[in-house]
Amino acid sequence: MADDGMLLNFELGDAPLKSQVKFKGGRWRDRLKAQRSAKQSHEESPDSTPPRRRPGATAGDHDAGRPAKRPRTEDGDARGYAKMPRTADAGPKPPSHAMKTGQISSSLFTSNPSAVTDFDQPPAEEAEPAKPSNAPLSEGAENFHSLGISRRVAQHLATKLEMKAPTAIQKNTVPQLIKEDSDAFLQAETGSGKTLAYLLPIVHRIMALSLNEDGTPKDTKVHRNSGLFAIIMAPTRELCKQIAVVLEKVLRCAPWLVCTTVIGGESKKSEKARIRKGVNILIATPGRLADHLDNTKVLNVGTVRWLVLDEGDRMMEMGFEDDIKTIVSKIRADKLEKVNAEGVVLDGVLPSRRVTVLCSATMKMNVQKLGEISLEDAVHIMASKAEMDGDAEAGTEAVFAAPSQLKQACIVVPAKLRLVTLIALLKSTFARKGSVMKAIIFISCADSVDFHYQLLKDTKALEPPTPDSSPTKPDRNPHTDTTVAPAAYVTSPANPKVMLHKLHGSLAQPVRSATLNAFSTCKDPAVLITTDISSRGLDVPAVDLVIEYDPAFAVPDHMHRIGRTARAGRPGKAVLFLMPGSEEGYTSILPASTPIAPQLYESTLQKGLASAVNLPSTHTTSETDKQTWTSRAEALQLHLEQRLLANPAAGAEDENADGDDGGKPGNAKGKGYSNSKPKSWAKPKPRPDNPLLDAARQAFRSHIRAYATHVREERVYFDITQLHLGHLAKAFALRETPGGIGGGVSRRAHHHKAPGGGGGGGGEKKGRASGGGKVSRGHDHDDDGDGVGAVDEDAARRMRDKMRMVMNASSEFNIG
Ligand SMILES: Nc1ncnc2c1ncn2[C@@H]1O[C@H](COP(=O)(O)OP(=O)(O)OP(=O)(O)O)[C@@H](O)[C@H]1O
């Protein structure tokens with residue numbers, strides 16, 4: 001540890017130092033703002049402890065801005081770690097004067113490791129905004145009709161869907177799929193319009209069965225019973241539904257054609273009934289499609305001309321290889337019908353062979369494998385000419401490039417400050433109404449999503465439904481009771497309503513669908529806290545910001561996550577949270593196409609906590625407007641920790657409102673307690689004493705386990721042995737490191753507590769003596785299981801495989 005906080009205990013005298021804070025690194029503007037604000041807050045708040053530059057602070061030494069000496073208090077130790085009441089029963093609330101004077105501190109700004117990266121850069125010229133790389137092309141140069149799409153469809157796109165010109169990938173794909181019958185591999189960056197790139201030629205050619213080139217009707221009328229012509233496969237139900245929505249919009253100009261989905265989540269019987277009624281384009285998840293091919297006799301694939309595999313790499317990752325092999329071989333084995341049952345000649349208008357189209361934004365080994373399974377002599381279609389000409393270098397760049405207009409930033413935040421920095425970032429994001437409408441926060445696992453959602457929502461939302469909000473009220477969707485709520489903390493008088501949403505694969509399907517719909521259509525500013533379930537293909541309009549609070553498990557996942565913003569030429573920002581140390585190296589393996597600007601966490605805190613934090617309605621704060629951002633950060637952390645310690649039995653709050661999944665494997669749910677709504681009042685179930693605390697502990701444990709599942713090549717940056725569990729506990733508003741982080745990780749680690757936590761404070765000492773309280777490889781103290789053990793490679797691999805299997809195949813994606 002670079003610093004144990006001792007330097008801060010030197011007496012610096014009463015006179016203010018000339019320079020209170022020396023901010024280094026990041027953008028010069030951020031530094032300037034941070035500097036000014038620190039100066040201002042110092043002047044405004046003579047009572048507050050002035051932040052002082054630590055002697056010898058160097059570039060990137062973020063401790064430079066920490067508060068200076070904290071007086072030793074009766075309750076605190078010399079390092080500024082306050083002794084906080086330990087248990088819920090002990091009554092956690094400090095006297096209000098303590099918060100006012102800042103005597104009791106959550107010691108957020110001490111003992112933090114410094115960033116190893118030197119962020120000091122020369123003041124950069126404000127660069128020209130980058131030209132969007134995934135936007136529609138200029139209208140004058142290109143239009144859909146000139147690519148070969150019928151005038152009817154082109155007009156419909158322009159007038160009804162406001163799509164006048166194609167994107168680059170559409171420009172290159174549409175003529176190919178209209179004129180040629182060869183297989184194709186479509187590869188283009190996120191948000192570039194791949195869905196319409198394959199849908200439009202399919203719809204155009206099916207429509208051509210009943211329409212002449214000039215749009216006049218042919219003698220032969222095709223309808224829903226004329227045959228199934230195309231099957232589109234996507235890895236998740238959400239994606240299938242999204243594709244269906246796009247297709248339905250396009251098909252409004254050809255209402256005689258019908259598409260439907262078979263994706264599980266509803267009875268197979270009703271899916272069969274829809275297939276029996278007749279369908280021309282089927283959208284399916286691989287598992288469910290394989291099932292129907294086996295068991296649904298009316299599903300005739302003799303007329304199928306196109307098989308589209310969207311998000312191919314994801315399907316492979318999710319273990320659908322065998323299903324896809326079976327599907328491909330079954331469809332290929334079925335004799336191709338040149339004429340349909342009604343005598344309509346299909347060949348010539350439709351492809352004379354079965355065409356497979358594979359789509360992916362990223363190219364992984366598994367996509368190549370999928371290509372081998374499904375493609376024959378495929379053409380590789382990309383967005384730009386240079387890529388398509390086979391320029392290897394350009395090709396590699398394009399494969400992993402983020403949209404050029406996407407602004408990327410990275411905040412290196414010490415573990416202890418992660419939670420308050422996240423809140424500060426959200427608060428500044430939503431400071432002005434209308435500036436940001438939607439933000440997505442990616443978190444590593446479902447338990448952590450649940451916890452953060454519970455923590456960040458306004459506790460008013462936990463009240464049982466009133467008669468007004470009864471299920472009969474038309475605008476209330478009971479499916480979103482536990483997944484959508486007003487946010488606390490991040491609102492401001494200027495932007496008083498921000499809606500919080502949570503989504504992960506352990507939620508029941510109707511809940512998932514309703515939540516996604518609520519987020520997409522939300523008219524108020526909205527935040528979605530989610531796992532990687534939302535990283536692929538999801539197209540939610542107006543997502544302005546993506547926050548990777550937990551970094552992705554693999555670089556391609558990162559690319560997909562950040563690709564949820566800056567779509568179709570729109571602007572967007574992505575912020576990546578990293579911790580000081582080995583994690584910082586992660587940026588070196590991210591594609592260099594768009595630079596990642598370092599952003600100081602001090603600037604983020606200072607900006608976000610420039611004004612008082614709006615605490616949930618059931619809580620009050622003694623915070624005053626005179627506080628500095630550092631003391632606000634500490635007060636906020638303290639408040640969060642106290643919320644966790646508050647005893648719900650005493651009527652403070654009941655956070656136990658998210659038991660909506662019934663305990664699926666892989667996410668440590670189903671703990672025998674469930675929704676706090678009246679039903680559970682009537683029939684009490686065994687409940688933990690303190691659901692929010694329990695959720696935090698569970699989230700922490702799952703987070704650590706998830707941390708071990710970063711792909712092997714990237715584990716050098718996400719090295720579980722480097723984690724400081726005590727510090728990380730603070731990011732879950734915990735004062736002690738929860739126990740029970742076993743499960744494949746051998747239990748040979750240290751027992752240690754979060755600094756400033758209960759049990760006498762300074763809880764690092766035990767861990768520090770034998771490895772700084774980190775998850776250590778090779779430390780073999782046996783303890784009571786209250787820590788994380790040594791993680792050997794094998795155990796980590798086994799756990800990763802297991803987690804992937806569980807997360808992917810069953811709970812996370814709920815594929816039917
Ligand atoms: N020609 C166009 N003009 C305007 N908007 C378009 C056009 N084509 C597609 N879009 C819009 O672009 C957005 C992204 O499209 P789409 O979801 O197909 O992207 P994608 O390439 O499949 O992205 P991802 O790889 O993330 O799945 C959608 O909102 C879509 O409506």
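Note that ligands are numbered from 1 as they come in the structure, with each ligand's atoms numbered from 1 the same way. Since the structure is predicted, the reported quantities are computational estimates derived from the model, not experimental observations. One is the number of the first residue; the rest follow in order along the sequence.
- F229 meets the ring pair (Phe, Tyr, Trp, His ring centres under 6.0 Å) test with no other residue; sequence neighbours excluded.
- Remark: ligand 1 and G191 share an N or O pair separated by less than 3.5 Å (distance only, no angle test).
- For the ligand labelled ligand 1, residue R564 lies inside the 4.0 Å heavy-atom shell.
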Derivation of the side chain to side chain contact (heavy atoms under 4.5 Å, CB included) call for L282 and V304: CA-CA 10 Å; L282 188 67; V304 170; over 6 Å; no

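- Of all the heavy atoms in S404 and P132, the pair that sits closest is OG-C, 3.7 Å.
- Listed by number with element, the atoms of ligand 1 under 4.0 angstrom from any heavy atom of E189 are 21 (O).
- In terms of protein heavy-atom proximity, atom 12 (O) of ligand 1 is nearest to A568 CB, 3.1 Å.
- When each atom of ligand 1 is checked for a heavy atom of S192 under 4.0 Å away, the hits are 19 (O), 20 (P), 21 (O).
- Of the heavy atoms in R567, only side-chain atoms (C-beta onward) come closer than 4.0 Å to ligand 1.
- Between Q242 and ligand 1, no N or O atom pair is found at a separation short of 3.5 Å.
- The option with the heavy atom closest to atom 1 (N) of ligand 1, from among A234, A165, P136, C359, is A165.
- Closest to atom 10 (N) of ligand 1 among all protein heavy atoms lies M163 CE, 3.9 Å.
- A 6.0 Å sphere centred on NZ of K249 holds no more than 12 heavy atoms belonging to other residues, nucleotides or ligands.
- Scanning the protein heavy atoms around atom 9 (C) of ligand 1, the nearest turns out to be Q170 NE2, 3.6 Å.
- Y549 pairs by the ring pair (Phe, Tyr, Trp, His ring centres under 6.0 Å) definition with H452, F577, not counting sequence neighbours.
- Interatomic distance, L307 CG to I231 CD1, rounded to the nearest 0.5 Å: 6.5 Å.
- When heavy-atom distances to ligand 1 are checked against a 4.0 Å cut-off, F144 comes that close only through its side chain, counted from C-beta outward.
- Taking any N or O of T190, backbone or side chain, none lies under 3.5 Å from an N or O belonging to ligand 1.
- The part of E311 lying near ligand 1 is the side chain, judged by heavy-atom distances below 4.0 Å.
- If you look at K164 next to ligand 1, there are no close heavy atoms at all, none under 4.0 Å.
- In this pair, H710 and Y707 present their aromatic rings perpendicular. The plane angle is above 60°, beyond the 30 to 60° band.
- Under 4.0 angstrom from ligand 1, the non-hydrogen atoms of D539 all belong to its side chain.
- Judged by distance alone, the side chains of H504 and D450 do bring a donor and an acceptor atom under 3.5 Å apart.
- Looking at E238 and S513, their side chains never bring a donor and an acceptor atom within 3.5 Å of each other.
- Atom-to-atom distance recorded for N134:CG and I169:CD1 is 11.5 Å, nearest 0.5 angstrom.
- A side-chain N or O of S182 and one of Q176 form a donor-acceptor pair less than 3.5 Å apart.
- Considering backbone and side-chain N/O of E162, none are found under 3.5 Å from N/O of ligand 1.
- A perpendicular orientation is assigned to the rings of Y586 and F718, their planes being inclined by more than 60° (bins at 30° and 60°).
- From the protein, the heavy atom lying nearest to atom 21 (O) of ligand 1 is K194 NZ, 2.8 Å.
- Compare A135, G193, A188 by their heavy atoms: the one nearest to atom 19 (O) of ligand 1 is in G193.
- Between the choices D310, V246, T195, the shortest heavy-atom distance to atom 22 (O) of ligand 1 belongs to T195.
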